[in-house]
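Below: the structure, in structure tokens.
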Amino acid sequence: MAAEAEDAAAASVVGKSVMVVGIDDSEHSFYALQWTLLHFFSPAAGSSSPFKLVVVSAKPTPTSVIGLAGPGAADVLPFVESDLRKISLRVIEKAKEMCTSHSVADVEFEVVEGDARNVLCEAVEKHHAEILVVGSHGYGAIKRAVLGSVSDYCAHHAHCTVMIVKKPKPKH
Amino acid sequence: MEESKEPVATECREKMTVVVAVDESEGSLYALSWALDNLFPAAVGGAPNKPQPLGRLVLVHAQQPLQHLIMHPVGPAAYATSSVIDSVKKAQDQNSRDVVERAKGICRRRLVEAEAVIVIGDPKETICQAAEQMQTDLLVVGSRGLSKIRRAILGSVSDYCAHHANCPVLIVKPPKGGH
């Protein structure tokens, strides 16, 4: 168990561990951010949170959104590009609001262009994150296979602990 | 897109019920240590005059049901198996107790109180069920880091929990060499 002692010592010397939260335009990811802020970053008397928060929003590339290039693709591109930019700005704004409402000041926000899966795993590498938090759409097995699942990909490929936060299904 | 404003807790961080799934594997004990270090900090050598429970830690160990392990031979040999069943069950119970003791020891060393629950059944389902019954805030599982094909064949508890648990799931990966 010497490795743990080392890790613990390293964490206290270097400073806070980094927690990366992946967000996008969906309600599920904001729920995940909210949950994380609530449980890990509440205004704690005396002690501050042991984590430094990095919020990463993945902006899909316009070409991935448009799909197969048709005859009109080149014309549509700038519109799609500005739309995506607006959306990602809005996402970050909302995330900023959430953080301030929970009085969390030590946050970094990033918008990276690319496929969400790769963006999040790279962000983990870049920040040497301890933990990656993602929301989950709660798709069934078939939808996952067809639509793909960022949370699945991250759970398997990220090099750190992964926390998947789901919106509780209304069972009652 | 409504945003429910939760009332800000006046006490410290909201108390979380954290359930950690443990078994004999190193992966799950590493997961437990990770959870203790990161979710229940400031308990180590900290101020003894601040006994704030940061949350409730529950250790869950799933014991494989006997049908899994015993292949019932057909015929008169059925009589002989009852004593075999007994001794296997005893061995399993002892094994579970050892696992739980080991896990509790890890918690004690970090001055964290933990409850322990042993459930019998298929690990995947019983862990998710137990988590649901205890109204868990966070379920922590280790991960063996299996490749895709192995996961499909051997089955993965962490995968199953990630998909089926009703609460947030934390998957702790084994540390990569040279961390």
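We name chains A, B, ... by the order of the sequence lines, and we start the count at 1 in each one. None of the values given here were measured: they were computed from a predicted structure.
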From [X] atom [atom1] to [Y] atom [atom2], the distance as rounded to the nearest 0.5 Å:
X        : Y        : atom1 : atom2 : answer
B/His164 : A/Lys166 : NE2   : NZ    : 8.0 Å
B/Leu138 : A/Trp35  : CG    : CH2   : 4.5 Å
A/His39  : B/Asp137 : NE2   : CG    : 4.0 Å
B/Met16  : A/Leu38  : CE    : CG    : 9.5 Å
A/Met163 : B/Leu39  : CE    : CG    : 8.0 Å
B/Tyr30  : A/Thr161 : OH    : OG1   : 6.0 Å

Counting heavy atoms not belonging to B/Glu113, are there more than 12 under 6.0 Å from its CD? no

Step through the shown structure and confirm whether more than 12 heavy atoms of other residues, nucleotides or ligands are within 6.0 Å of CD on B/Gln135. no

Cluster link [X] to [Y], ILVMFWY, side chain under 4.5 Å:
X        : Y        : answer
A/Ile164 : A/Tyr153 : no
B/Ile120 : B/Val99  : no
A/Val112 : A/Val20  : yes
B/Leu57  : B/Val100 : no

Evaluate side-chain contact (heavy atoms from CB on, under 4.5 Å) for A/Phe40 paired with B/Asn38, printing each intermediate quantity in order. CA-CA 10 Å; A/Phe40 286 86; B/Asn38 290 281; over 6 Å; no

